[in-house]
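Let me begin by presenting the structure, written as C-alpha cells, before commenting on it.
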Amino acid sequence: MKAEALLRELTDAQRQAVTHGDGPLLVLAGPGSGKTRVITHRAAYLAKTVTEPWHILAITFTNKAANEMAERVIQLQIGRGMTCCTFHSFCARLLRAYAERAGVRPNFSIYDTSDQTSAMKEAIRRCDLSTDNFPPGRALATISRAKNDMILPEQFAATVKDWQKKRLATLYEEYNQVLIEQNALDFDDLLVKTALLLGNDPEVRDELAERYRYILVDEYQDTNHAQYLIARGLGLKYENLCVTGDPDQSIYGWRGANLNNILQFEEDFPNAVVVRLEQNYRSTPQILAAADAVITHNRKRKKKTLFTHNPDGSSIRVVECEDNQSEGEYIARQIREHVEQGGIYGDVAVFYRVNAMSRSIENALRSAHIPYQIARGVEFYNRKEIRDILAYARVTANPLDRISLQRIINTPARGIGKTTVDRLFTHAEAAGKTPLEAISDLDKITGITRAAGALRSFAQMMIDLATTARKGTVQDVVEFIVQRSGLLAMWSGAHDDDAIDNANELINAAAEYDRQQSEGSGSLEEWLQQISLVSDVDAIDEQTGAVTLMTLHAAKGLEFDTVFLTGVEDGLLPHQRSQENDAEIEEERRLFFVGMTRAKRSLTITSTRWRDFRGMSNRTSPSPFLYELPDEGVERITVDAEDEFDYDDKDEDDLSAKAEDYLSWRRGQLVRHPSFGVGRLLWIKPQGRRTHAGVHFAAYGEKTLVLEYAHLEPIENDEWE
DNA sequence: GGTCCAACATTTTTT
DNA sequence: ATGTTGGACC
C-alpha cells in the first residue's frame, strides 16, 4: 500500500493529523470522531514516509487496545516492529532492560493490590502502628496518589504537618522498604522508577529517544504526572510526540490523572500543532445531542462543537423501573426484542457504575437465557487457586518474594507452621540468604526440629521447579507446580473441581503464551509480568456473540450498537463518594457522557425507585444528570410492577406469601424470624410485588426484610407479656 | 499444627 | 448477601 492510499477516506482534519510529520501534535478528538483510525493511519504513514516501524512507540490505555492497534497497523502493511503497549507494560519492560541503571533487579515481582495490602500490613506492624488507626487500604490509596504525583517519601514527609500525616510518611518509607527487600514493585513504582530513570540518566534517555523517534500517546487526558514525565522524557529530544485525547472523557482523576497534562500541552510544547476532530461518525444525532446537552453543564471544560451527519435514529429512552429485578427484566426483554428484530447479542452492552451491580443484571440475563460476558479479566487471576499457583512461579522467578513464599510454604499443608516460618525468615535475614537458601543450613537454626524434613523436601521441590523453569516452557512450569507441589492432590481430595478447572485454564493460558513467543523469546518473568498487568477489558471478545457487561470506566474507548446505561440514580451516578466538590461531580458527569457516547444507534438509560444493596433495599431518587437531558429526542418511560408481572416466571412461584397476607400486621407487632429470633415490627410497606418491613431484633438491631422471603411468623403480644 | 466457625468489612472507579 | 480473615478449639 502506498502512503497516499492511506489518506483516502479521511476528512481534512483527520488527514492533517495523519500527515503531520515532525514536531509535537495534539489531537483533540471528540467521541466517535475516528481517533483510532487517525492513530493507526498516522503510525502507518510515518513508517512509510519518514521512519521505520521500530522507531514508533504507541502507548494505549489497555493491552486490548494495544493489541488491536498492532494488528491494524500490520493490516496497513507497514511490517512489524512497531511497539504498542500500555504505560505499565512499557515501563515493566524498560525496567527489566535497564534494571541496573534504574536501581532494580530484572526479575522483580509486580505486586498487585492484595500483595500490596500484605506488604502494607507488615509496614504498619514494623512502625508499631495499628491497622485500626491506619487501614491498609487507605494508607495505600494515599501512597499511591503520592507516587502518581511523583512525590517521593522524603518530599511527602517534608510537606506534612499533622500527626496522622507524619505517620503516613513513615509508613510510605517503610512500605517502600518492605517492597525493596522483596525485590518487588507495585503498579505505581513501575511508573515512578521509569520516570526517575528517564529524568536522572541522560544516557538512557538519549538511547530511548533514538530508539523511539515517534511517540503516540492515546487517552492523554487520563495520564497522571508520572506518566506525563515519562512521555515528556521520551519525547523531549525530537519533540515528535503526538498525544490524543478528549478532556470531556477524563474519568481517572481519582487515580491521579491530571487534566492539565492535555490542557497545557500547547504550553509545554509551544510549537505544537493542534488538530480538532469534532465530527462524530458513531452515533445518531439524538444520542450525540443528548450527550452534548449533558456535558455542557460542566463549567471547567474547553468548549467543543460536536456534530454528526449520521441519519436520524430513534429517541433515546430514559426508563424508570421499580427495583433491581425489574430493571434487569426490562433490559432482558429489550435485548430479546432487539434480537427478534434481527439484532445480535454481540451488539449489546450493559454499563453500570459499580461492579456490585453486575449481579442483578446477570441474574436477569441468565433467567432469560441471554448469553453474556463480563469484563473481569483480573477476577480469574484473583482466585485463590490461581494465586497459589502463581505464587510458586513468582518465588521461582524472584526468590526474595517473601509474600509469595509465605503463601505457598505451607499450601498445601505440609507441616510447616508459623513459628517455623518466622525462625526461617529471621535466620535467612541474619545470614543474608534467601529463605529457600537458608533451608540448606537447617541445623544452624535453633528450634527447628520437627519441621526439618518437611522443609528439606519443600526446598528440593522448589529446586526442581527452578530447573524446570530454566529448561522448560512456561507451560512446563505451571504443570510442574500443579502436579508436584501437591496442589492438585489437595483439590482432588477436597473434590474442588472448580479449582482443577481453573488450574487447567491457567495451563492453557501458559501454553497459549508459549505458542505466541518466537523461539526462546518468552520467559517466566515476562509471562508473570504480562498477567500482572491484565486489565478487566482485556478479557472481552467482540466475537463471542454475547451481551457485554462492564463498568462505565471499562467502557472507555469502546462502542456498541445498543447500550443500556443502568443505575442512573443519585448516589450511584454521581456516586455518593464523588459529591464532595464540583470537580468530582464534573468527573461523574463525564463518566455519564462517556457511557452515552458509546452507543451507535440505541441508547437506554435506566434507573430504579428501590435499589437493593448488601441485602438492604433503599429508596432512591433519579440522578440529577437525568434532568440535564433535552426533551427532544428523549422518551421517558415508567415501568410499573404490574406491567411485568409474569406468572410464567419461576421466581414468582417462590413467593411464599402474598402482600394481602400482611394487611392485618401492625406496627409494634411481635414477630419471630427463623434465625434472628423475636423482633418488633417498626414499619411495613408494599413495594411492587413485594412487601418490605423494618424489624428491630434485640440481638441484631434493625433489619430491613422482604416479607415474602423472610418467613416471619406473627406472635400474639400477650404470649410474651 | 490444623480445622472449623464467626465476626467483619466491603471497592466507586483500575494499572 | 457474600466472601474473607482471625480466633477458638481439637
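Lettering follows sequence order; numbering is per chain, from 1. Since we're looking at a predicted model, the values are computed, not measured.
Distance, A/Ile531 CD1 to B/dT15 P: 15 Å, rounded to whole Å. Rounded to an integer number of Å, the gap from A/Asp612 CG to C/dA1 P is 10 Å. The interatomic distance linking A/Asp149 (CG) with B/dT15 (P) rounds to 19 Å, in whole Å. Between A/Asn410 atom CG and B/dT3 atom P the separation is 9 Å, expressed in whole Å. What separates CG of A/Asn363 from P of C/dA1 is a distance of 14 Å, to the nearest Å. Atom CG of A/Asp538 and atom C1' of B/dT15 are 10 Å apart (whole Å). The CZ atom of A/Arg145 sits 14 Å away from the C1' atom of B/dT14 (whole-angstrom rounding). A/Lys64 places its NZ atom 17 Å from the C1' atom of B/dT15, with the value rounded to the nearest Å.
Comparing B/dT15, B/dT14, B/dG2 against the side chain of A/Ala554 picks out B/dT14 as the nearest. For A/Thr420, the listed nucleotide lying nearest its side chain is B/dG1; candidates were B/dG1, B/dT14, C/dG6. In the set B/dT14, B/dT15, B/dG2, the nucleotide with an atom closest to the side chain of A/His553 is B/dT14. In this structure, the nucleotide among C/dA1, B/dT14, B/dG2 sitting nearest to the side chain of A/Arg614 is C/dA1.
The side chain of A/Asn148 contributes no N or O atom lying less than 4.0 Å from OP1 or OP2 of B/dT15. At B/dT15, none of the side-chain N or O atoms of A/Thr62 fall inside 4.0 Å of OP1 or OP2 (strictly under the cut-off). Side-chain N/O atoms of A/Ser535 include one lying less than 4.0 angstrom from OP1 or OP2 on B/dT15.
Using a 4.0 Å heavy-atom distance criterion, A/Gly415 is classed as a sugar-phosphate-only contact. Using a 4.0 Å heavy-atom distance criterion, A/Tyr252 is classed as a sugar-phosphate-only contact. If you check every strand for non-hydrogen atoms under 4.0 Å, A/Thr419 touches sugar and phosphate atoms only. Among the protein residues, A/Asp536 comes within range of the sugar-phosphate backbone only, with heavy atoms under 4.0 Å from sugar or phosphate atoms but none that close to a base.
Annotation: ring pair (Phe, Tyr, Trp, His ring centres under 6.0 Å) contacts of A/Tyr98 (sequence neighbours excluded): none. In this structure A/His225 satisfies the ring pair (Phe, Tyr, Trp, His ring centres under 6.0 Å) test together with A/Tyr228, sequence neighbours excluded.
For the pair A/Phe564/A/Ile361, no side-chain contact is recorded, criterion being any heavy-atom separation below 4.5 Å from C-beta on. No side-chain heavy atom of A/Asp218 sits less than 4.5 Å from a side-chain heavy atom of A/Phe61. Residues A/Pro31 and A/Phe593 meet the side-chain proximity criterion, which asks for heavy atoms closer than 4.5 Å.
Nearest-nucleotide mapping onto DNA chain B: of A/Ser532 and A/Pro135, the residue sitting toward the 5' end is A/Pro135. Projected onto DNA chain B by closest heavy-atom contact, A/Phe613 and A/Asn63 fall at different nucleotides, the more 5' of which corresponds to A/Phe613.
The aromatic ring centroids of A/His297 and A/Phe625 lie 6.0 Å or more from each other.
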